[in-house]
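Step one of this worksheet: look at the structure below.
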Amino acid sequence: MSDKKESPEIKRIRNLRNFGVIAHIDAGKTTFSERVLFITGKSHKIGEVHDGGATMDYMQEERDRGITITSAATSCVWRGYNMSLIDTPGHVDFTVEVERSLRVLDGAVGVFCAVAGVQPQSETVWRQANRYRVPRIAFVNKMDRTGADFYKAVDSMRTRLHANPVPMVMPIGREKDFVGVVDLIQMKAFIWAENDARDMTETEIPEDLLAEAQKRREEMIEAVAECHDDVLEKFIEGEEVSNEEIMMAVRKGTLDLKITPVYCGSAFKDKGVQTVLDAIVEYLPSPLDVPAIEGTNPETGETIVRELTSSQPFAGLVFKTISDPNGDLTFIRIYTGEMKQGEKYYNGRTRRFERIGRLMKMHAIQREPLEVAKAGDIVAVVGVKDAITGDTLSTKDNPVVYEAMTFPDTVISMSIEPQSAGDRDKLSAVIGKLVREDPTFKSVTDEQTGETVISGMGELHLEVKCNQIRNDHKIAINVGKPKVAYKMTLKGPKQVEARHIKQSGGSGQFAVARVNFSVKDDVEFLEFEDNVKGGSVPREYIPAVQNGILAAIKGGGRAGFPYCKIHAELYDGQAHDVDSSVMAFEAAGVLAFRLASEGNSLLLEPIMKIEIECPEEKTGDVIGDLSSRRGVVEEMVAKPGGVSQVTGLVPLSEMFQYSTMLRSITQGRGTYSMEPSTYEPVPPNIAEKVLEEINAGSK
């Protein structure tokens, strides 16, 4: 893969692999990551998730719960290749961690459970990876469990992810008899030693599996040949395709996002992890294989594209910040140039310099000091004061800003206050730090009541934040009941004339805006259309009308819930030579939306996609309970081992404390996962109650 004429710098970058491990909760991501560290020699003992000893789950909350909450970065070496690995959370409440990790990674390994196949959060992370065009390899885990089915898991990738999975191996045995794999490229069998699966024996394919292996190899070659013209030509002509040509086609297909090579094993037993490490080296991209990232000069607005090498001017993207007693940690992916300890770098968003106090390679919570970091590296720095997730650091002489990340809206909120009045300032400072760390965690102070309201992606998300405040920062707090983040929209179209006219001696205020309002489903907040003819509203005042409407939409009117899906067409208006101003037209915009929404508003609530697994005999009870919560069952599937999988949609407002109820119904054997799906109108009788509560609380 390397060229003898390459410079040492190009060879260094070509031998880098920055990848993440993504999957549904409990599919085995962290276990897989722990095995990677152990097999590559980075860890001398294996950390287990179930006993709270996982290296990558270093927060106390993670160890107590046995789940990953914050993505952990580490580095290791395999076959002379330097790897940066990020283990991401699988719970939908911490989806921001996946989002920002995928933004800076070159490749990913998707881990799937051989029994459950593709699960809801697998779909979410897969969509995120599609959005950032991240090449992927898939690892079907837990092949030794009862009910494991490799090909069924592969089929679920095809149907639920709309992916093009191509198995590169064939399992030998299944469930407890899963003993090895057939490598479909080399056409060799690899059998794991019983006492140590890192010890593999290469052997000929057993006679009884040879015919199936040849059939699977033909299917694999047919799928990958389409990714490379030369290989396709040889395949069509019926010529022999060499192993090197197959690997070349697999690599090209993976990098072009045409295929996803699939492997299998059991991470907990070390089975199959080495094969995936080899595949990461062979098929996932180095920074040189990824299209050059486009940026913008913050001073001139011109587009900047640079080769991702250390000889270019420095530029790096901040993708994560962590509060730390020894100095806040800021994680940076270096795209071009070199970053040096002690140097100052320019932040194009704040127009300020940030000084790099200490520069480190991270191994979960352990730190390895560095003097210099180069293009392609993922590092952590101490000393950065104002940079937040999505900021770009560069040099003042060659400034650049890369596209920031977008994060989903929060869906749940609760009030929070310190038990002691003396802790008020301390709590405010801690919440400020948590908000800076996590773009999906928000905090506002209610102007009417003065109480602090925190918002997040789910009950677990807010629970974890509150535990951090109590345990890590030692602040005793009281929290209110969780509340749903409702939204509003208009019931239907409305044409309004907003007249903002004030005369009181001296210069007055004069603005008239005539606006058509309607509802458009694919609009987040506001789509504004300027349709003014003949200059009835001067050009310089049109953005002011838009800003006024947007302020009114986000302000949320009397109920305080922001509006969404609004289309506003400014088609006419009036201005005065002396009394008109930007401020007057902004006020007219606010008034226009107020007129459009009065008596014409609809309350919307977040609807969650839910997937429940429960014992077959309890399915009726689970569905009955879901229906009582206004849930709609979309699908029910019988799974191996007497388990039913129920998929449906349910309002978030009906799902508080659901885990307790599900445990009660299923005698502790049921599990569920939820993710935001859409916003739908609240039934009139419930909407009335919600708005009554809001009005009562504001009196």
Side-chain angles (χ1 to χ4, degrees), residues 2-3 6-20 73 75 81-84 86 100-107 132-135 255 284-321 330-356 358-362 370-381 383-384 387-405:
S2 61
D3 187 341
E6 281 181 345
S7 69
E9 165 64 6
I10 294 295
K11 188 174 180 185
R12 178 191 72 81
I13 297 177
R14 199 174 291 287
N15 284 2
L16 283 177
R17 294 292 181 274
N18 293 321
F19 70 98
S75 51
Y81 286 76
N82 289 305
M83 296 183 168
S84 288
I86 296 183
R100 55 185 172 191
S101 299
L102 286 171
R103 174 70 169 80
V104 297
L105 291 168
D106 301 324
Y132 290 115
R133 298 193 59 75
V134 177
L255 298 185
L284 286 188
S286 76
L288 295 176
D289 298 313
V290 177
I293 184 171
E294 273 192 13
T296 308
N297 184 318
E299 316 300 335
T300 64
E302 67 178 306
T303 301
I304 297 170
V305 181
R306 296 176 187 153
E307 283 181 28
L308 304 184
T309 63
S310 299
S311 57
Q312 295 286 329
F314 169 77
L317 186 74
V318 173
F319 70 94
K320 183 178 168 71
T321 56
T330 303
F331 285 78
I332 298 173
R333 161 70 195 264
I334 300 173
Y335 284 103
T336 57
E338 294 183 348
M339 175 179 261
K340 294 178 182 171
Q341 189 166 290
E343 291 285 325
K344 288 182 179 177
Y345 297 101
Y346 184 65
N347 184 335
R349 179 185 64 85
T350 62
R351 301 288 204 272
R352 291 181 185 167
F353 284 95
E354 298 280 7
R355 186 176 173 279
I356 306 304
R358 276 178 291 148
L359 185 59
M360 295 160 292
K361 268 262 188 216
M362 295 300 291
L370 294 173
E371 290 294 322
V372 179
K374 299 186 175 185
D377 288 344
I378 291 176
V379 295
V381 301
V384 170
I388 57 171
T389 296
D391 282 356
T392 308
L393 299 183
S394 58
T395 60
K396 183 72 172 86
D397 296 338
N398 295 280
V400 65
V401 171
Y402 293 133
E403 186 184 352
M405 296 167 233

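Just so you know, these numbers use all the heavy atoms, side chains as well, and skip hydrogens, waters and symmetry mates.
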Looking at [atom1] of [X] and [atom2] of [Y], how far apart are the two atoms once the value is rounded to the nearest 0.5 Å?
X	Y	atom1	atom2	result
S311	K374	OG	NZ	10.5 Å
N347	K396	CG	NZ	12.0 Å
E371	Q341	CD	CD	5.0 Å

Under a 3.5 Å distance rule, please check whether [X] uses its side chain to pair with a backbone N or O of [Y] as donor and acceptor.
X	Y	result
R349	G390	no
N18	G376	yes
E354	A387	yes
T336	A315	yes
T296	G301	no
R333	V104	yes

Is there a side-chain contact between [X] and [Y] (heavy atoms, below 4.5 Å)?
X	Y	answer
F319	I378	yes
D289	R14	yes
N297	P399	yes
S286	R17	yes
E403	R103	yes
I13	L308	no
L284	D106	no
L288	I10	yes

* **Test applied, side-chain contact (heavy atoms from CB on, under 4.5 Å); reference residue, L393; option that passes from V400, L317, V318** =>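 Per the side-chain contact (heavy atoms from CB on, under 4.5 Å) rule, the option paired with L393 is V318, out of V400, L317, V318.
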* To do: Could you tell me whether the side chains of S394 and T392 share a donor-acceptor contact shorter than 3.5 Å?
  =>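 Their side chains do not contain a donor-acceptor pair, so the 3.5 Å distance test is not met.
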Please report the closest heavy-atom contact between [X] and [Y], naming both atoms and the distance.
X	Y	value
R306	P313	NH1-O, 3.6 Å
R355	G342	NE-O, 3.7 Å
V305	E294	CG2-CG, 3.5 Å
T309	E9	C-OE2, 4.2 Å

* Asked: So does E307 have more than 12 non-hydrogen atoms from other groups sitting under 6.0 Å from CD?
  ->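 At most 12 heavy atoms, drawn from other residues, nucleotides or ligands, come within 6.0 Å of this atom.
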* Heavy atoms of other groups near R351 CZ, more than 12 under 6.0 Å ->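 More than 12 heavy atoms, drawn from other residues, nucleotides or ligands, come within 6.0 Å of this atom.
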* Going by the angle between their ring planes, with limits at 30° and 60°, are F314 and Y345 parallel, tilted or perpendicular? ->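 Taking Y345 first and then F314, their aromatic rings sit tilted (interplane angle of 30° to 60°).
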* Short N-O contact, R12 and D377, less than 4.0 angstrom ->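 Yes, R12 and D377 are salt-bridged.
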* **salt bridge (charged side-chain N to carboxylate O under 4.0 Å, His left out) assessment of R352 paired with D391** => CA-CA 12 Å; R352 291 181 185 167; D391 282 356; over 6 Å; no
